[in-house]
Each structure stands twice: as structure tokens, then as C-alpha cells.
Amino acid sequence: MFKDTPVVREQIKKCVRCGKCRSVCPIFNEYRTENYSPRGQVFMVQMLRDGVLSVSNKVAAKLGDCLMCESCSSICPSAIPVPELVAEARAFITEQRPSTSKKLIFEKLWTSPGLLRNSVAAAGLADSLGLRSLARSLGLTSILPGDLPRAEKILGKIPRRSARSQLAAVMPARGTRKTRVAYFLGCGTDLLQPEIALATVEVLTHCGCEVIIPQDIRCCGVPHLANGAKTVAEKLVIHNLNILSKLGVDAIISDCASCTSTLNGHLYRPATVIDKLKNSSNSAPTLAEKTIEAANWLKGKVFDLTVFLVDELGLPTEIGRLMNSVVVTYHDPCHLVKAQKIKNQPRKILQSIPGVDFQEMVGADTCCGGSGTFGLTHYDLSMKILKRKIESIQNSGAEILATSCPSCTTQISYGLREAGLNIKVIHPVQLLQKALIQH
Amino acid sequence: MERSLLVKELENCLGKDKVISDPVDLMYYSYDSSFLARLNRFIPDVVVTPRSTEEVSAVMQIAYANDIPVTPRGAGTGETCGSVAIKGGLVMDLSPWDTIEEIDVANMQVFVRPGVIHAKLNERLAEYGLFFPPDPGSSIMCTIGGMVANNASGLRAVKYGCTEQYVLGLEVVLPNGEVIVTGGIQSRSIKNVSGLNLTKLFVGSEGILGVITKIRLRVWPKPKGRGIVMAVYPSLDDAPASVLEVYQAGILPSGIEILDQSAINAVNMYRPEINLPQGEAILLFEVDGNPSSVEWEGLKIKEIASRRASQVEWATEPKRMADLWEGRSVVATAAARVRPDGSRVFAGEDISVPLAKVAEALRSIRSLGQKHGVKVVNYGHIGDGNVHTAPVIDPEKPDEVEKANRLVDEIHRLAVTLGGSTTGEHGVGAVRAMYAELEHGPAVKVMQAIKKALDPKGIMNPGKVFLPEGE
Ligand SMILES: Cc1cc2nc3c(=O)[nH]c(=O)nc-3n(C[C@H](O)[C@H](O)[C@H](O)COP(=O)(O)OP(=O)(O)OC[C@H]3O[C@@H](n4cnc5c(N)ncnc54)[C@H](O)[C@@H]3O)c2cc1C
Ligand code: SF4
Ligand code: SF4
């Protein structure tokens, strides 16, 4: 039950309503009134919990006004996990008012890697119809109200081939094998930015890693969590934990900030899932035990790609000079900098590449407004937030914008295209790949 | 006036985008950070967000004509229910109106609209080597309008004083919609003794006399050097004694903060890596100014504190200073750690006592906590006798709420008995209005008369600062 979930039961009362979170919330920053503050989100979850308000369109809309960016929770003196509270409330709303199209998307399509891949591939093939035909055939239209052409524009050209279809299940290390890692290939990288996956694998193998791409991995669960399909997210987390722990690898790596956030429990605490398993009479005791074991095994083994390259492997010493020098700036994805406090490593990679003139932009760590499906469901608001980011990128004088999150990549690429700016968006690993190949 | 008609009229006057009337949206305006607002929901009838003096005046005229209570609001970080419409009516949210109109460097002053955030103002002023010295703990979220209305101060009040010392003039919209400017309509002077000091009257008036729409603030050159002395005292009484000795040596530190044992423990529980030394009290002296005088004063304080303290450290290295200062800045949050299932509540949190009574106040609060079975954590600005008490309770348990309320009442009374005040910087609002009589005696009648003269209909922020005549 919503009311009894530990986070709802224990955290709401710790919010002292100091308002510190007003200073960092990207949504509040656009509206500037209390009804758009993170403190207000905590309050709204409380009203729902206490039955002062019942589920209504208005309440659902209010709880929808959150990017789950963790800007608030990362500075909250009481460490209130605002996004987690919002996710619980959204799940409660879904429970009260199930939506069939959401069910189709988040329970069927986005839990089955094969189905999702085929559908996106179909959209990629049918270029001119693209997302529109996909959305129609899947009933996606109801979560993208009226904004399909725009959604298509945001996503840009959908690649014809997923990363997975281009990569083997096991890729040997070049030279002596130093370590064996699993590459958690998230949906965004796999389907929308396969070139990042290719670069990731190339750089990792170059650095002496044998790379395994686990085949039956599913989505990390973040889109589900954000869209009120919490139980599905839980199932996905359990599924993934159990698969990953059996691979016999030294580390699990992802280039997606949201995937690592979920896997290492920042965004979605495995503890919550495990607690639930323990207390649930339905779940087989062995599954609970196994999941606990898996979660314990995973502790300290999940790495963001940039952290793994810089802190664990150490950057290669013989990095070649880029053919043409470029000015590069970096955008901090919220799920990396706020949820996981990872700030230096991506910059270190960029700064280690001869020929990169690294320029810090103003407000590098402010949200881009993308946040997965948020840009699609809250287009106008999302674009206002994006506009500030684009201005900042432009002012930095950069020719290349590096970032390490597929959702930010999609969103910022769109913003740059719309602004008519010829600035490329890449993952730091792609520049590293380039420099290594040239060497 | 019927609510729907009022909403219509306000929308006609301001435009729909500046009027909030949806019942769910209005609920977000039912709180500030006070404990009282956590226990109640004071939902206004309508919220407006004007962005010009004309708009404020127009709203006040409508409210005045229709006897509608008006509660001005900044960021709602106050701890007294001051910005909450406890009698219903209209909340005027001024926080979106955040223009810095002019930085007059030549005349060392700045003109701002009420919604400017304190930290943002100082960020801008830093570009000119200037600063607005009062520094509340809520700097990154509170508004200058709220600071002026509450006469806020902060860690550095001991040297730099409160907001009032810096307010040179105000534009105020009176309850009937009339606009006045205090401190001289044309004035850019810093000294000015002409006329009754209306500026001082409105500073700290907590929104009960009018709406502040423009603020002329004096700004100061930003000091270049800074250093911190930490001193650990085995006995609480030695802490205020050391403070006095520092003053007697002719030194005025920019901040003197105290953590008592409860606060030391809370900080160590919250951030074990800070690892504050054990003692009955820790003092942090901050000195600022030009680097050579900072060095001299820091070393002198170190020498003086060593007479009574068991351990003293003088730090000027930025990282070390940040670590030491962090011990103080996290305590407000750390307080909750003394009870994993609890939360601190902002109540009885701001008494101020004579310097010579600080140790007595801290001891008495500790025993009051024991008497009522409530855990308390104490810290504060000892340099000016301002004690912050954090009761830590489970705010969702009615019996604990009851106990906390009784404790808080005794803390407020204790402050008055010791020759102090129920509030040193946070203000009175709704939560301390009942102590006005106790604290001020017949002077309350004069306050009521002033209020009546400016707000004959009693529509400005009713129920705050003191009780209305006869209640
Ligand atoms: C964590 C924390 C730390 C704090 N630390 C300090 C501290 O160190 N020192 C300190 O002094 N305070 C402190 N405070 C209290 C509070 O932040 C300050 O009093 C602050 O100045 C209030 O500003 P605000 O914009 O939030 O005002 P609000 O809370 O919105 O309003 C405060 C009062 O001012 C009135 N008001 C607001 N704007 C106007 C206006 N334009 N015209 C007329 N009346 C107006 C309101 O009606 C209300 O009575 C702290 C609060 C918190 C939560
Ligand atoms: S969520 Fe945190 S930062 Fe925001 S009001 Fe509550 S305690 Fe303060
Ligand atoms: S998670 Fe981000 S968008 Fe949501 S309330 Fe917090 S700061 Fe605002």
C-alpha cells in the first residue's frame, strides 16, 4: 500500500519545509510560485497519503510536474528523496486509475527488449512515417497528447540498427586481458545512440577489458518509475539484479546515468524492493534470498563508464592528438551529478585528450528539461528549461557538447537543431575513441 | 464579496496568469516553515503575484474596498507562520518579483524589488567588491522583502547588525492602496534624520502595516580576509566568559557561534567525518577584514580562548575553514539525527537572552527538555545572545506534539524572565503574538494604535505580531 511504503511513511515528516529546494528546482525556476516547488511536491504526496485529497486529474497533473532530476534531494538538509516520493504517488495514481495505453507501453512493450527493439527498428525503417506510425500502432498517442510531430522532432532520425544487433555477446580484450566486465546496454543507447555503444565497447576492449553484453537484460526501470508503473520497475530491477550477479564479471558498466543510478540504488533503492520481497507472502522465498544475495554482490560493482575509465582502469597514457582541435564543453546529467555526485571524471577524460580545448559553461549542472519522457509529455515547459541550457552552451563557445546520458543527448541535440546551431552532441567516450584510433 | 467575483476582479486587474484560484493550487500556500503550519492548513481564498507597484496598489484597493485580509509573502521560509493567511483572504506572493533595479556603486547603495533572493543579490554585488552584510541561514532561498519585513539577521549580526542597519528607504503600498516612499522620495543620501523614522517602522513590521515594494539598501565593501578560531570548553560557563574576554581585548569578531554538547553529538552523528572534539561547548569565532588584521585578531583570540578552553585551533586555510564552519552550518539539520524516527520542528527556536545569561539559558532549556520528555539540540549566535533550540519529535504523534508545545511555551517565558526576548531574529508572526503583552507591557497599546492609524480596517496580515485589542 502507498501509505505503508517506507519512504512515504518515514520521509514526509522529516521535511521541515525550509524551502531550500526552491533554489534549485528547474520547474520552480520557470513558474516561481509555491505550487511548483519541490517542497510542494512533498506536501502534495502527504495530502494524498492522508486522504485530504483524493486522486484527480489536477492532483495527477501536479505530481506530473517533476523531472525526477534530484536537484532538490541532492541539496535537501533532511535528505528527503523527493523523486522517490513522487514516484510512489504516481504509482498510487496509476493503481487508482489504470490507463490501458500506459499499461501497454510500460508493462508490455518496454519490458520486452525484443519487442521494443523491433518496434523502434520498424519506426526507423519507415522513416517518413517514423514515430507516428509506431505510436499509432502501439496506442502511444494518449501519452503524447497532440504532440506527436513534435515528439518526432525531438527524437530526430531513428537509427536503423540497434547497437545490440551490431555487437557480439562477448568481445575479447585487446592485448592482455586486465579485467572482465559486463556492459549494461540501456534502451536509449541501444536504440537511439548505438554509436555510443560502439565507442564504449571499443574503448573498453582497447583498455584491456573483456566485454560481455548480457543478452536477457531488460530496461533499468526508470521510465516505468517515472510513469507510475512502479511494480513493473520493481520486477525489472529484480530481473536485472539476478541476471547481472550470475555473470561472473568484475564490474558492471553503463554509459547511461539513469541506468547506473537505478542499478546502484540511488534512484531506486534495491533495499525497498528487497524489503517488499521479504514481506510478501506471494514471492517464492528463494527469489527473495537470491535477490538479496544478488544486490549484495552488486554493491560497489556498478560503475558509470567515465568513473570506470578514470578511477578503475586509469586513462590510457598514449592518447593521440585529435586531427582538428575543438572547443568542448560538458553538460552534467542530473542522474550523474546530483544522484551520484559524479562530476570530475567525464571532465578528466575530455581534458586528457590532446586537441580538446575544454571550456566550462555557466550552469553546467542545471537540468536540460529532457528527463526521458518528460519532454514529450510536457513539451512547452521542457522547452523553456532547454532554452536556458542552449543559451549557456552557445555562450561557452563550444563546437562540441559532451554529456553522458542518452536522454540529455536527445534533448540537447534537438535544442541545438532548433536553434540552428552546428554543435555536435557526443559522449566523452566517443572523443576518446577518436583520439585512440588516431594514435 | 463572493470569492468568484473577487477572483474575476483580480483577474481583470492583473491578468489571469497572476491570479491563483484553483483549490488544489491554493493549498500550497497553506504553509511556511513554522511548526504551527505543519499542524494546520491555513488555505487562502486566492493568491496573487503582482510585479509592479501599480499592480500591488490596485490589489490593495480591491482588498480595502471589500474588507479582505491580505498577507504579503516572500519565499515562505519564515518560521512563524508570518506569510500564511491564518484568517483567510488573499496571499500576495512577491517572490517572483525579483528585479535588482540599480546597483549605485558610486553611492554605495542598491535598489531592489522585494522578491530578490539574498544570495543572488550578494552574487551580483560581489562583481563590484561589495556586499549586503546580514546573512541568514536561509540566504539561498529567502527574499530581501521577507528579510526587511522580518528584520532578519544571521551569523554575522554580532559585527554587522541586522537588516535594519542597511535599509535606507522603502517604497510601501499602504492598506488603502496609497503609495509612499520613506527616507526621502528623491534621496540617495546615507545619513538622513529628517522626519519621523518611518523606514524603521516598516522594517520588522512583518507585513502588518503595508506591502514593501521597493527597497533601498546600503551596501558595504566586501572584506578581503577571513579566519576561524575553534575553541573547545570542558565547562559551558567558560564559553560566554571567553566571549567577554575577547570583547574586552578590543576585538569584534564577525561571528561567534556556540554548539552545546547536544549539538556536538548531533553533528558527529550526522557527519562522523567532521569529528568535533568532545566538550560541554564549542565556540567558533570568525574574524574578517584585511588579511593582516585578521591574522592579528585570530591569534589574539586563540591566546585568549586558550586560557579556558581545552583545545584551540586557528585556521585560515580555506578547506579547513570550510570544514570547521560546516560543523556549525549542518547543525540545524543534524539535530534530527538524535532521533532516527524524528524531525526537528521550528518552534521556540529563536530566543535571545543577555550575554551574561547564555549559559543559564542553555542549562534551563536542557532541563525543560528533560521535564517534558523532549529531546532538544541547542546552538546559536552566542555573540549576541541568540539561542536556537531544536526540539526533535515525531511530528505525526499527537502526544509528542502536545509535549513540544508545552516545552516551547516555557522556553518563550524563560527568555522573558531572563531579561531577553522571545525572538532574536525570526520574528513574531502568529506563533509568538500571544507573548507581546508579557514582553512589551503597555507598549503593545501603542503598537496597536500605530497599526490602527495605518490600517484602520485591520486587513493587513491579521493575527500577527500582537493580538488585536480586546483579544
Ligand atoms: C533553514 C532556515 C534558516 C534560517 N535562518 C535564519 C537566520 O539565520 N536569520 C534570520 O533572521 N532568519 C532566518 N530564517 C527565517 C527566515 O528565512 C527569514 O526571516 C527570512 O527573512 C524570511 O524571508 P522570506 O522571503 O521567506 O519571507 P516570508 O517567510 O515569506 O515572510 C516573512 C514575513 O515577512 C512578510 N513579508 C514578506 N515579504 C513582504 C513584503 N514585500 N512586504 C511586506 N511584508 C512582507 C510576511 O508577511 C511575513 O510576515 C531561517 C529560516 C530557515 C527555514
Ligand atoms: S524537501 Fe528538503 S529542502 Fe525542501 S523544504 Fe523539505 S526539508 Fe527543505
Ligand atoms: S526532482 Fe527536480 S523537478 Fe522534481 S521537484 Fe525535485 S528539483 Fe524539482
Side-chain angles (χ1 to χ4, degrees), chain A residues 3 6 8-25 27-65 71-73 75-80 362-363, chain B residues 17-18 20 22-35 37-38 41 47 49 51 73-79 83 91 93 95-98 115 117 119-120 137-142 270 329-337 340-346 390 393-397:
Chain A
K3 280 187 186 144
V8 174
R9 206 178 48 225
E10 287 152 23
Q11 296 297 322
I12 291 174
K13 66 180 169 198
K14 292 184 188 277
C15 171
V16 293
R17 300 202 183 139
C18 66
K20 198 171 177 189
C21 47
R22 282 171 54 115
S23 66
V24 289
C25 174
I27 291 185
F28 176 79
N29 189 39
E30 296 304 329
Y31 290 102
R32 313 295 306 280
T33 50
E34 187 61 36
N35 48 334
Y36 290 96
S37 70
R39 166 170 74 168
Q41 292 291 15
V42 181
F43 172 76
M44 200 35 58
V45 181
Q46 182 183 353
M47 292 303 98
L48 209 51
R49 178 197 71 176
D50 297 348
V52 178
L53 286 174
S54 45
V55 173
S56 67
N57 286 344
K58 177 74 187 179
V59 171
K62 289 312 295 169
L63 287 158
D65 290 332
S71 301
C72 50
S73 42
I75 66 143
C76 168
S78 314
I80 308 292
V362 176
Chain B
D17 59 327
K18 290 185 187 137
I20 299 172
D22 178 280
V24 172
D25 286 324
L26 290 174
M27 291 177 79
Y28 295 88
Y29 282 88
S30 66
Y31 56 77
D32 61 355
S33 67
S34 66
F35 186 39
R38 276 172 90 172
R41 270 190 308 284
V47 173
T49 59
R51 293 203 193 199
R73 182 175 169 106
T77 69
E79 295 168 357
S83 63
V91 163
D93 182 351
S95 67
W97 189 15
D98 64 346
I117 302 288
K120 295 222 166 123
S138 47
S139 165
I140 65 163
M141 63 267 196
C142 76
Y270 178 59
S329 57
V330 300
V331 65
T333 307
R337 293 303 157 114
D341 63 336
S343 163
R344 82 160 294 181
V345 293
F346 288 118
I393 61 165
D394 183 337
E396 291 179 352
K397 294 213 168 104

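Per chain, numbering begins at 1; letters A, B, ... match sequence-line order.
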Chain A contact via [X] - which portion, at a heavy-atom distance below 4.5 Å:
{"X": "B:Ala336", "answer": "neither"}
{"X": "B:Thr49", "answer": "side chain"}
{"X": "B:Ser30", "answer": "side chain"}
{"X": "B:Leu26", "answer": "neither"}
{"X": "B:Pro23", "answer": "neither"}
{"X": "B:Asp93", "answer": "side chain"}

As an exercise: rank [options] by heavy-atom pairs under 4.5 Å with chain A and give me the winner.
{"options": "B:Lys120, B:Arg41, B:Arg344", "value": "B:Arg41"}
{"options": "B:Arg38, B:Arg73, B:Arg337", "value": "B:Arg38"}
{"options": "B:Asp22, B:Asp17, B:Val47", "value": "B:Asp22"}
{"options": "B:Asp98, B:Ile20, B:Ile140, B:Ile117", "value": "B:Ile140"}

Fill in: Short N-O contact, B:Asp25 and A:Lys58, less than 4.0 angstrom
yes
Would you call [X] and [Y] a side-chain contact if the rule is heavy atoms closer than 4.5 Å?
{"X": "B:Tyr270", "Y": "B:Val331", "answer": "no"}
{"X": "B:Asp32", "Y": "B:Glu79", "answer": "no"}
{"X": "A:Ile80", "Y": "A:Pro38", "answer": "no"}
{"X": "A:Met44", "Y": "B:Tyr28", "answer": "yes"}

Practice prompt. Applying ring-ring contact (aromatic ring centres under 6.0 Å, His included), name anything that partners A:Tyr36, two or more places apart in sequence or on another chain.
Written response: A:Tyr31
Part of [X] lying under 4.5 Å from any heavy atom of chain B:
{"X": "A:Val52", "result": "side chain"}
{"X": "A:Cys21", "result": "neither"}
{"X": "A:Lys20", "result": "both"}

Worksheet item: Is B:Ser33 reaching over with its side chain to a backbone N or O of B:Thr77, donor-acceptor style, under 3.5 angstrom?
Response: yes
Worksheet entry | Exam field: side chain A:Lys13 to backbone B:Asp394, donor-acceptor pair closer than 3.5 Å |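 Checked: no pair found.
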Practice prompt. Mind checking side-chain hydrogen bond (donor to acceptor under 3.5 Å, both in side chains) for A:Ser37 and listing every partner two or more places apart, or none if nothing turns up?
Written response: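 Here the qualifying residues are A:Glu34.
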Discussion item. I'd like to know which of A:Gly19, A:Pro77, A:Cys15, A:Ser78 tops the heavy-atom pair count under 4.5 Å against chain B.
Written reply: A:Pro77
